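Just so it is clear, the model here is predicted, and its values are computed rather than measured. Residue indices begin at 1 and follow the sequence shown.
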Amino acid sequence: MKTWKLHGALVLAFSIALVLALYPTFLSMVNIWMRSETFTHAFLIAPISLWLVWEKREAMLTYVPSYSVLGLIALFGSGFLWLLGMAVDAAVVQQFAAVLMLISVIWSILGNQLAWFLAFPLCFLLFMVPMGEDLVPPMMDFTANFTVDMVRLSGIPVYREGLFFMLPTGNWSVVEACSGIRYLIASITLGCLYAYVTYTKLWKRAIFIALSIIVPIIANGLRAYMIVMLGHLSDMTVATGVDHLVYGWLFFGVVIFILIRLGAIFKDPEVDNLALRAAPIVNGESDTLAVNRTPLTHVIFIGCLIVGLSIWPLARQQMNNQAYPEMVDALELPDFEGKASVAPLWSWQPVAREADQVVGFIEDGPQQSAIYIDFYPVPGYAEMINSLNTMIDPDSDEWHIVSVGTEHLAALDISVTSFRIKSSKQELLVWSWYQVAGAHNSANKYIVKLLEGGHRLLGDRQDSARITYAMSVDPASQAPELQKSQLQTLIQETFPQVQASLDNVAQRVYEDL
């Protein structure tokens, strides 16, 4: 019992110390829980995890806690991941790593066998992390595809452009709230918990968790189809306002209720699950570090834990205290041999918050083009890749994205993101990619984030830019391949001058480094 009191006190003390050391990260999670309905359930995760541990309390006493070197390694690894998240300004990475650090602390202090015994309650804490936003675009695409296909199967004509589609009775669009991400995250969380407390067989748990992922995705498609049909059959008087969301949540509640009732049919017989899984350890030994051999064991391991908790906030402080160069004159684009036009050719432009944005419009005969450079010369002041810097202003109804894909840009030998953006009067072909430190070009935001983080950790040149080319197109008279060829030619002719302008301003920014 003395051993349990010591290790229990250490778990409590170091868990509190970790939360205090990474207070801004944990606070950012709570702020998201408070403002986003998608993650409100996260307030219940820690209490549920504690309840699951409490339910195992008698079986836990059959184990003798011990220090774990593997847990300590996991602590240092998750700490480095947290620091990398800070370097790339990725909040979700920081939050995920912070929770991993908390799990690693408990693992380090209690030992491998106890950590394995408490694996689910500990891993359940990961549901505190507000993640899953990257699933929104593919889920919106699936919902639009499912809804349009079902409407057509119902014999109703429908015309679709991207996430927008038109029926004879009215227009519809799939927005972020229609993606079903709220239903999916809530269903996965509930499904994992229900599978753990209901089943003892691993294959039953796996099947139920898989169903908790698949069912809400399909159900969200059915929900969207039902809402569209209600609107269509009622001549757009039903399911087009607040009742739209009400019907959605009611339908989701019914689906989850049916899923749980079906899952209960296959419930395993009542057994003392904890007692069966709790095998006493002979002579107080475990497969981890020797238990309570000498006071030196405690001193060394506690010292390692202190280092594992403190080194990363200190490294962050050092990184934030780097002497960054002073800002210089704003970036300017060249004139492109007198072809640049001052007057905007259209009202659209990519959203770039807190960037040094420059725009060059080119009007060469009937062909109209534009170059947008969103320049971020110094890290820490603004973040290039985030949910706010988008191709379309969410507050504007004039423009919408018709399609998104990838194309190969021969001038740089990279793949770029290709958009078709349309208004009631114009259609644009848009190619966009990112550049880090004047040398690394990529359209993959994850690779770009890693490059940004690597340069920041090394204290190297850290400027970055989002480069976007747009060209007006006429689908009626121009073949898609011709449009792409014309945009390729424009980039090949103008990008060397754009690159020279970027390098020139970056050299002035970092000339003293």
Side-chain angles (χ1 to χ4, degrees), residues 36-38 132-185 216-252 255 346-351 386-405 417-430 432 470 472-473 475:
S36 173
E37 293 182 4
T38 304
E133 296 294 334
D134 285 346
L135 296 174
V136 170
M139 290 188 66
M140 290 171 67
D141 288 334
F142 173 84
T143 302
N145 292 334
F146 187 96
T147 304
V148 169
D149 290 343
M150 291 295 292
V151 169
R152 286 172 177 162
L153 285 174
S154 303
I156 301 172
V158 56
Y159 174 74
R160 178 184 175 185
E161 284 187 346
L163 299 176
F164 293 79
F165 47 94
M166 289 158 275
L167 277 66
T169 52
N171 301 331
W172 299 85
S173 65
V174 177
V175 297
E176 184 174 334
C178 302
S179 67
I181 189 66
R182 296 177 181 177
Y183 309 142
L184 179 62
I185 292 176
I217 295 176
I218 302 298
N220 185 64
L222 289 172
R223 176 197 65 84
Y225 164 69
M226 290 169 56
I227 287 175
V228 170
M229 291 302 295
L230 283 172
H232 174 74
L233 296 175
S234 65
D235 200 22
M236 302 299 285
T237 59
V238 176
T240 58
V242 176
D243 54 342
H244 180 120
L245 299 177
V246 173
Y247 294 153
W249 277 112
L250 286 175
F251 181 72
F252 175 71
V255 169
W346 47 69
S347 60
W348 171 84
Q349 70 177 40
V351 179
N386 58 34
S387 60
L388 299 178
N389 293 339
T390 58
M391 280 293 122
I392 297 290
D393 187 345
D395 297 327
S396 174
D397 296 328
E398 181 181 1
W399 295 87
H400 63 271
I401 296 176
V402 176
S403 64
V404 181
T417 304
S418 174
F419 301 87
R420 284 194 175 270
I421 299 176
K422 189 175 181 180
S423 71
S424 59
K425 299 179 180 179
Q426 288 178 301
E427 183 171 336
L428 306 178
L429 176 62
V430 179
S432 183
S472 63
V473 296

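- Gln426 is linked by a side chain to side chain contact (heavy atoms under 4.5 Å, CB included) to Trp346, Gln368, Trp399, Ser423, counting only residues two or more places apart in sequence or in another chain.
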* To do: Tell me, with the steps shown, if Ser472 and Glu427 meet side chain to side chain contact (heavy atoms under 4.5 Å, CB included).
  => CA-CA 6 Å; Ser472 63; Glu427 183 171 336; over 6 Å; no
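- By the side chain to side chain contact (heavy atoms under 4.5 Å, CB included) test, Val255 is found to be paired with Val215, Ala219, Phe251, residues two or more places apart in sequence or in another chain being considered.
- Residues satisfying the side chain to side chain contact (heavy atoms under 4.5 Å, CB included) criterion with Thr417, sequence neighbours excluded, are Val404, Phe419, Ala443.
- The salt bridge (charged side-chain N to carboxylate O under 4.0 Å, His left out) pairs that include a residue from residues 141-162 are Glu161-Lys422, where partners are two or more places apart or lie in different chains.
- When each of Ile156, Ile227, Val158, Val151 is paired with His232, the side-chain contact (heavy atoms from CB on, under 4.5 Å) condition holds for Ile156 and for no other.
- Considering NE2 of His400 and OG of Ser424, their distance stands at 9.5 Å, rounded to 0.5 Å.
- By the ring-ring contact (aromatic ring centres under 6.0 Å, His included) test, Tyr159 is found to be paired with no residue, residues two or more places apart in sequence or in another chain being considered.
- By the ring-ring contact (aromatic ring centres under 6.0 Å, His included) test, Tyr225 is found to be paired with no residue, residues two or more places apart in sequence or in another chain being considered.
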* Under the side chain to side chain contact (heavy atoms under 4.5 Å, CB included) rule, what do Ile421 and Ile392 come out as? Steps first, then yes or no, please. => CA-CA 9 Å; Ile421 299 176; Ile392 297 290; 3.7 Å; yes
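- Rounding to the nearest 0.5 Å places CE of Met140 at 4.5 Å from CG of Leu163.
- With sequence neighbours excluded, the residues forming a side chain to side chain contact (heavy atoms under 4.5 Å, CB included) with Ala224 are Thr143, Thr147, listed by chain and number.
- At a cut-off of 3.5 Å, with distance as the only test, a side-chain donor of Ser347 or Glu398 sits close to an acceptor on the other residue.
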* Asked: Going through the checks in order, is the side chain to side chain contact (heavy atoms under 4.5 Å, CB included) test met by Tyr183 and Ile217?
  -> CA-CA 8 Å; Tyr183 309 142; Ile217 295 176; over 6 Å; no
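- Separating the CD1 atom in Ile218 from the CZ atom in Arg223 is a distance of 13.5 Å, to the nearest 0.5 Å.
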